[in-house]
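Throughout, a chain's letter reflects where its sequence line sits, starting with A, and its residues are numbered from 1. Treat the numbers as computed from the prediction; the structure is a model and nothing was measured.
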2 protein chains.
Amino acid sequence: MYLANPTQPKAVTTADKVFEQIQHAIVEGDIASGSKVSEPELAKYYQISRSTLREALNRLEKCHLIERKANVGSRVVDCTIEGLLELYITREALEGMACRQAALNMSDKEIVDMKAMLKAHGQTQELKDGVAYYQEEGDLDFHYKIILGSHNKQLIDLICGQLYHLVRMYRCQFGMNSPRASRAFNEHFQIIQAISDRDGELAEMLMRRHIAASRKNIENKIAQQKLTEFNDKK
Amino acid sequence: MYLANPTQPKAVTTADKVFEQIQHAIVEGDIASGSKVSEPELAKYYQISRSTLREALNRLEKCHLIERKANVGSRVVDCTIEGLLELYITREALEGMACRQAALNMSDKEIVDMKAMLKAHGQTQELKDGVAYYQEEGDLDFHYKIILGSHNKQLIDLICGQLYHLVRMYRCQFGMNSPRASRAFNEHFQIIQAISDRDGELAEMLMRRHIAASRKNIENKIAQQKLTEFNDKK
DNA sequence: TAAATTTGATGTGTCGACAATTTGTTTTAA
DNA sequence: TTAAAACAAATTGTCGACACATCAAATTTA
């Protein structure tokens with residue numbers, strides 16, 4: 001599963017391309033979360049100079065996929081439960097506000113397009129019920145469109161340019177394939193309705209609940225996993 | 001006026017130091033907002049190689065003080081009214097949530113310290129009424145403490161590591177020296193109270209209103225400036 | 001033996017030079 | 001005269017080499 005980020009400018013320079021490759025590798029877990037990143041090693045692997053690689057690393061740091069310490073080096077961020085919850089709390093704040101702004105700033109055409117998209121998703125969902133794969137893609141599409149609809153560069157950059165890389169990483173690595181597809185779909189529908197009514201306050205509230213529900217869902221799932229592990233040990 | 005960012009790690013490498021110098025220069029307006037940044041020129045000025053300068057530029061980009069385009073170069077972000085309003089809307093979302101989390105996660109000691117700080121500020125304010133200088137510093141102190149009190153790394157990094165550089169830049173360049181000192185002080189007091197009561201919902205609401213009021217205050221001031229300019233022309 | 005120091009290997013930070021791209025100017029052609 | 005093409009200057013992207021800091025193993029010392 002890999003979905004392009006609609007706000008990410010297409011790669012022109014080699015540093016850009018290598019950045020995208022490493023980004024992909026980290027998100028998908030091919031480069032283990034928490035592992036150290038060796039500059040000479042990676043430079044050799046991608047057949048580029050260290051300068052170019054460092055440029056790529058800088059971009060990875062910008063979207064919070066790696067962390068650097070002076071004179072020591074870079075590490076891939078490690079996926080922890082605390083980190084995941086912190087991420088979702090931040091999403092709740094930012095996407096909630098983005099949704100409010102979208103209700104105020106989206107053009108009528110944008111709203112029509114979103115409704116059409118959601119309708120299309122609803123139909124494929126009926127066909128492929130239970131198969132969360134496409135729904136997953138649809139979910140991200142939905143969120144991206146609302147964020148872009150806020151017409152707020154600051155919000156767009158923070159959420160799409162930074163948070164969502166991490167969101168995708170956690171989704172991949174914790175194997176969260178949207179176990180609540182139909183409920184999420186209904187929530188999406190309500191949100192669109194609020195935006196369509198230009199009700200910013202309600203739109204923000206619904207989006208916050210939507211993300212909070214997702215967070216609680218994860219918390220439960222993890223608690224369940226721990227329980228299973230505990231039982232397996234016995 | 002320049003205030004250290006408590007979350008910014010102290011500079012160890014030369015790239016770090018140059019970063020801080022340029023950051024300072026941009027925030028204070030010594031390097032004009034919107035102007036192009038020439039790598040050879042700056043490298044020569046600071047007597048460092050272009051590689052080192054580029055490392056510094058990368059950090060400036062991370063805190064949204066410059067923008068880079070491939071094969072073209074870097075520009076200092078330009079301070080526009082729209083940008084300022086977008087920034088404050090983002091602040092409202094993030095700091096509101098940070099304040100809610102602070103109410104949940106701050107230790108009792110942290111709360112006691114904050115109350116003491118606010119009390120001290122109140123006393124200096126009585127002495128130096130009208131002199132917004134210290135109050136300004138106190139305002140940032142207050143906000144930083146709450147953000148850190150959220151104990152949420154994601155929020156802390158986004159707000160302190162990125163947004164606040166821009167906030168300070170706008171404050172310097174638009175000359176916004178807290179014209180509503182005493183009102184802000186009272187609002188701060190209410191917020192602390194809500195945190196002290198562990199009332200996350202109220203804390204978030206008050207912080208959001210506090211920032212929204214600040215935003216509206218700016219909008220008014222700018223509208224007033226425009227009016228003055230208009231009258232001067234006649 | 002244990003603690004402290006030295007030393008060596010590895011990795012990061014910085015440098016100067018070359019290659020590739022953009023931009024503004026000049027030249028050419030319609 | 002205007003528009004397109006070719007050229008020249010300057011700037012950014014990339015490279016390989018060297019300087020310096022860090023960490024671990026080996027040596028010294030108490």
Practice task
Quick one, give me the B/S/- string for nucleotides 10-25 of chain C, reading 5' to 3', where B means a protein heavy atom under 4.0 Å from the base and S means that only happens at the primed atoms, P, OP1 or OP2.
Solution key: --BBBBB----SS---
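Residues A/K221 and A/F174 form no side-chain contact, since every pair of their non-hydrogen atoms from C-beta on lies 4.5 Å or further apart. Counting only heavy atoms from C-beta outward, the side chains of A/L166 and A/L65 approach each other to under 4.5 Å. Looking only at side-chain heavy atoms (C-beta outward), A/N152 and A/N105 stay at 4.5 Å or farther from each other.
By the side-chain contact (heavy atoms from CB on, under 4.5 Å) test, B/L148 is found to be paired with B/T7, B/I156, residues two or more places apart in sequence or in another chain being considered.
Taking atom CG of residue B/N58 and atom C1' of nucleotide D/dG13, one finds them 12 Å apart after rounding to whole Å.
Looking only at distances, a side-chain donor or acceptor of A/E110 sits under 3.5 Å from a matching main-chain atom of A/S107.
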